[in-house]
Amino acid sequence: MADATIRTEPLPEEAIPAPEGPTQIIDTDYEIGQDNISYRRRFVFELDIHNVVFSVSALTIVAFTFLTLMFQTTLGPVFAAVRDALTSNLAWFFLLAGNVFVLLCVVLIFLPLGRIRLGGPDATPDYSRLSWFSMLFAAGMGIGLMFYGVSEPLGNYTAAFTGPVFENGVRTDWSPLNGAPGDTEAARRLAMAATIFHWALHPWAIYAVVALSLALFAYNKGLPLTLRSVFYPIFGERVWGWPGHVIDILAVFATIFGLSTSLGIGAQQAGAGLDFLFGLPSTVGLTVFLVIVITGIATASVIAGMDKGVKRLSEANMALAFLLLMFVILVGPTLQIVRGFFLNLLAYVEYLPALSNPFGRTDDNFRHGWTAFYWAWWISWSPFVGMFIARVSRGRSVREFLIAVLLIPSIVSTIWMTALGGTAISQVVNEGLSSVQDAALEIQLFEMLSHLPLTQITSMIGIVLVIVFFVTSSDSGSLVIDTIAAGGKVNAPVPQRVFWATFEGLVAIALLLGGGLAALQAMAVSTGFPFTIVLLGACYALIRGLAAEPR
């Protein structure tokens with residue numbers, strides 16, 4: 001690395017602004033796009049792809065999709081076995097890695113390194129706080145909150161209230177920790193603490209580590225906005241060769257399968273909602289049709305670009321989500337929700353050490369089937385969410401960035417889970433509505449809303465939110481994958497973005513036909529494991545990069 005200096009001109013063909021003020025620029029002979037294959041015919045077709053990263057990623061994903069569709073009847077058990085093997089044998093590794101990411105972020109908030117500004121000491125934010133928060137939150141986990149907002153708190157409560165169940169000396173229940181058998185209030189507290197554990201600090205710390213690393217090395221050190229740049233302190237100039245190729249290819253795989261998992265889950269819930277409202281049979285055919293429709297909308301948004309597409313959709317979606325949230329709070333058990341928010345946060349703090357402990361636990365089903373899967377899913381999303389957050393976070397200080405990315409979404413997730421999940425638990429406990437508890441996972445949101453006023457309207461809003469949340473995720477994910485596959489170019493030709501958006505849908509269809517939810521979960525976990533190793537290396541590189549910055 002060179003001494004602190006000021007760059008006044010951006011690199012050729014680089015849309016990333018130059019650092020403003022003294023930063024620690026990395027001297028390298030590498031130029032963005034030097035390994036790319038370019039083809040341009042005006043008004044006909046444009047191509048600008050990284051020779052190795054795009055070729056290996058695209059061909060592998062095309063081959064995977066084709067083979068899964070060809071052998072869909074035989075691959076279902078294989079996908080389920082892969083998911084179970086990875087989550088059961090590597091749960092300790094995922095939990096340990098998640099703890100590392102949280103501790104790193106918390107330490108950086110309090111260290112003097114937190115004063116460093118992304119983009120240089122004189123950089124100013126590109127977006128207002130409202131737009132910034134809307135974009136990072138909608139891309140981060142919006143569709144998951146819709147699917148699991150009712151089902152996870154309610155499922156945790158039911159399992160915790162029942163308590164541990166043993167068959168032939170083996171524990172078979174899904175209760176977190178040791179449950180709270182027969183104790184309604186204790187079971188509610190444990191259920192909400194376990195839910196918040198999966199949706200608060202840990203997932204957002206994963207996103208924050210990736211986003212902060214990318215932003216630092218792109219905006220302050222002048223390297224391409226791609227995952228390999230983060231590893232320059234480790235590999236040096238070799239990062240432009242095969243070590244970097246492997247990192248970027250893994251990032252593409254993780255992103256495409258993480259997005260496909262979410263698209264499949266979201267389409268299943270949207271189909272269940274249409275069945276609930278209009279009696280349309282929730283078949284695989286309807287789910288595939290919805291995947292095609294959602295992918296088409298996402299592709300149109302991709303073509304529109306960041307400011308016209310992602311930004312507007314994210315803000316509109318956050319407004320709709322806020323309306324649904326406020327409706328549930330006002331017409332549901334309002335006082336219980338407000339009181340529950342604070343009690344649930346206290347319960348989360350109380351149970352956090354035990355829930356994050358990777359060793360010496362007996363709640364294998366919960367730890368493997370819930371926590372390990374979630375951590376792998378968040379990690380598989382982290383390249384795309386991290387790069388997207390990095391692209392919209394220039395001008396923020398490290399401290400402001402980490403506080404916002406960790407705390408604000410965690411608080412909103414807690415409010416959301418408390419309102420929707422808490423209302424569902426109240427319907428079961430206080431009103432005896434077993435229909436909510438007995439419904440399938442994808443229908444529990446609509447079943448809960450059916451016991452509140454304006455069911456038709458709120459359920460339709462729920463379906464729209466599921467669709468648009470994925471559109472924003474697919475939109476921003478396609479932009480990010482294309483940036484990686486184009487060697488770090490942030491303004492690559494539109495046809496490449498269309499290719500990635502299309503294949504997100506095709507992979508989701510292939511996985512749905514080849515094994516359903518088990519196949520979706522298997523691919524998220526399979527790509528999440530190797531990328532966890534990559535992220536642990538990124539933690540070390542991030543510390544070295546921050547330590548070298550002038551402050």
Side-chain angles (χ1 to χ4, degrees), residues 1-8 16-28 97-129 132-133 136 200-223 225 227 229-236 239 349 352 356 382 385-387 389-411 534-551:
M1 296 184 180
D3 293 330
T5 183
I6 300 177
R7 178 193 286 169
T8 57
I16 298 173
E20 299 178 42
T23 62
Q24 220 260 359
I25 298 293
I26 292 177
D27 288 329
T28 176
N99 294 340
V100 169
F101 301 138
V102 172
L103 289 174
L104 175 62
C105 291
V106 172
V107 168
L108 287 178
I109 287 173
F110 292 100
L111 286 179
L113 296 175
R115 293 197 298 267
I116 294 170
R117 187 167 296 277
L118 301 174
D122 303 327
T124 55
D126 295 329
Y127 298 95
S128 68
R129 281 196 172 91
W132 179 47
F133 171 68
L136 73 88
L201 290 181
H202 279 76
W204 287 96
I206 294 168
Y207 297 156
V209 166
V210 178
L212 181 59
S213 302
L214 286 166
L216 176 72
F217 284 90
Y219 298 137
N220 293 58
K221 300 187 182 299
L223 297 182
L225 188 64
L227 262 295
S229 297
V230 176
F231 290 82
Y232 193 94
I234 297 174
F235 294 111
V239 82
V349 174
L352 180 60
S356 57
S382 66
V385 178
M387 188 175 293
I389 293 174
R391 287 187 64 172
V392 299
S393 299
R394 184 179 178 275
R396 309 287 176 183
S397 72
V398 170
R399 183 171 292 118
E400 178 189 14
F401 174 91
L402 289 174
I403 290 174
V405 174
L406 260 66
L407 295 186
I408 295 177
S410 295
I411 291 172
V534 171
L535 292 194
L536 291 171
C539 292
Y540 170 74
L542 172 62
I543 294 171
R544 286 192 57 182
L546 286 171
E549 280 293 291
R551 53 190 185 277

Among Val405, Leu402, Val230, Leu104, whose side-chain contact (heavy atoms from CB on, under 4.5 Å) with Val209 holds?
Leu104
Within this structure, what is the CD1-OG distance for the pair Ile206 and Ser382, rounded to the nearest 0.5 Å?
7.0 Å
Over all atoms of both residues, closest heavy-atom pair of Trp132 and Val392:
CD1-O, 3.2 Å
Taking the side chain from Tyr219 and the backbone from Ala390, do they hold a donor-acceptor pair closer than 3.5 Å?
yes
Once rounded to the nearest 0.5 Å, what's the spacing between atom CD1 of Ile543 and atom CG of Leu108?
6.5 Å
Tell me the closest heavy-atom pair linking Phe217 and Ala541, and the distance in Å.
CZ-O, 3.6 Å
Under the salt bridge (charged side-chain N to carboxylate O under 4.0 Å, His left out) rule, collect the residues that match up with Arg117, sequence neighbours excluded.
none
side-chain contact (heavy atoms from CB on, under 4.5 Å) for Leu111 and Arg399? Distances and angles first, verdict last.
CA-CA 9 Å; Leu111 286 179; Arg399 183 171 292 118; 6.0 Å; no
Close side-chain approach of Val210 to Val385, heavy-atom, < 4.5 Å:
no
With rounding to the nearest 0.5 angstrom, report the OH to CZ distance, Tyr232 to Arg544.
11.0 Å
Any idea which heavy atoms bring Ala205 and Cys105 closest together, and the distance?
O-SG, 3.8 Å
One pair to check against side-chain contact (heavy atoms from CB on, under 4.5 Å): Leu201 and Val106. What are the steps and the verdict?
CA-CA 10 Å; Leu201 290 181; Val106 172; 5.9 Å; no
Look up atom CD1 in Ile389 and atom OG in Ser393, then write down how far apart they are to the nearest 0.5 Å.
6.5 Å
Over all atoms of both residues, closest heavy-atom pair of Asn220 and Ile25:
O-CD1, 3.7 Å
Taken to the nearest 0.5 Å, the spacing of Asp122 CG from Thr23 OG1 works out to 10.5 Å
Note: Ala200 and Ser410 closest approach over all heavy atoms is C-OG, 3.2 Å
Ser397 side, atom OG; Ile403 side, atom CD1 - distance, nearest 0.5 Å:
7.5 Å
Ring geometry between Tyr207 and Trp204 (parallel below 30°, tilted from 30 to 60°, perpendicular above 60°):
perpendicular
Ignoring hydrogens and angles, tell me if any N or O in the side chain of Gln24 forms a donor-acceptor pair with the backbone of Lys221 under 3.5 Å.
no
Distance-minimising heavy-atom pair for Ile116 and Glu549
CD1-CB, 3.6 Å
